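Everything quoted here is computed from the prediction, not taken from an experiment.
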Amino acid sequence: MNLAELKNVGAFIPTEPVKVPVEWKDYKFDVWVKRLSFGDVESLFAADDRSRSARMIAAALLLGENKEPISYEDAYRLDVSLASKLIEAFNSVNGVQPGN
């Protein structure tokens with residue numbers, strides 16, 4: 001397989017985020033989730049002492065129709081149940097199975 005064939009079969013991650021519905025408490029809303037490439041994931045999980053989950057939310061989740069990013073600081077302070085829902089949305093778009 002050559003580079004052109006890899007591109008044609010979807011081996012490279014598109015930059016457009018994916019809209020995902022989220023239900024949390026009594027709220028239903030959409031978030032936009034960026035698909036992360038191999039390089040994005042490697043950079044995201046580079047060794048440091050910050051929260052990996054908060055880094056992931058800040059790097060990949062966008063809110064509302066204006067696709068507003070969430071800062072690391074805001075992601076770090078999220079309600080645990082909401083953060084879990086956002087991580088579920090991330091996993092669904094990025095093909096991550098729970099426990100992997």
Should Leu63 and Leu82 be regarded as members of a common hydrophobic cluster, given that ILVMFWY residues are connected when their side-chain heavy atoms come within less than 4.5 Å of each other, either directly or indirectly? yes
Chi angles and distances behind the side chain to side chain contact (heavy atoms under 4.5 Å, CB included) call for Leu61, Phe90: CA-CA 7 Å; Leu61 276 287; Phe90 172 87; 4.2 Å; yes
Partners passing ring pair (Phe, Tyr, Trp, His ring centres under 6.0 Å) against Phe12 (at least two apart in sequence or in another chain): none
Give every residue pair that meets the salt bridge (charged side-chain N to carboxylate O under 4.0 Å, His left out) criterion with at least one member in residues 24-41, sequence neighbours excluded. Lys19-Asp30
Return the set of residues passing side-chain contact (heavy atoms from CB on, under 4.5 Å) with Glu16 (not counting sequence neighbours), or none when no residue passes. Lys67
Does a sphere of radius 6.0 Å around CD in Glu68 hold more than 12 heavy atoms from other residues, nucleotides or ligands, not counting ones at 6.0 Å or beyond? no
Indicate the atoms forming the closest heavy-atom contact of Asn94 with Leu36, along with that distance. OD1-N, 2.7 Å
How close do Ile57 and Ala75 get, counting heavy atoms only, and between which atoms? CG2-CB, 3.8 Å
So side-chain hydrogen bond (donor to acceptor under 3.5 Å, both in side chains) across residues 6-15, not counting sequence neighbours, yields none
With the 4.5 Å side-chain cut-off for hydrophobic clustering, are Phe38 and Ile13 part of the same group? no
Find out if a path of hydrophobic residues (ILVMFWY) with successive side-chain heavy-atom gaps under 4.5 Å connects Val18 to Met56. yes
In the hydrophobic clustering that connects Ile, Leu, Val, Met, Phe, Trp and Tyr at side-chain heavy-atom distances below 4.5 Å, which members other than Leu62 occupy its cluster, ordered by chain and number? Trp32
Which residues share a side chain to side chain donor-acceptor pair (under 3.5 Å) with Asn66, sequence neighbours left out: none
Please name the pair of heavy atoms, one in Val31 and one in Ala89, separated by the smallest distance, quoted to 0.1 Å. CG2-CB, 4.1 Å
Enumerate the residue pairs fulfilling side-chain hydrogen bond (donor to acceptor under 3.5 Å, both in side chains) with a member in residues 69-85, sequence neighbours excluded, ordered by first and then second residue. Trp24-Ser81, Ser71-Asp74, Asp79-Ser81
For Phe29, which residues count as a ring pair (Phe, Tyr, Trp, His ring centres under 6.0 Å) partner, sequence neighbours excluded? none
Give a yes or no on whether Val20 and Tyr27 share a hydrophobic cluster (residues Ile, Leu, Val, Met, Phe, Trp, Tyr; joining criterion: side-chain heavy atoms under 4.5 Å apart). yes
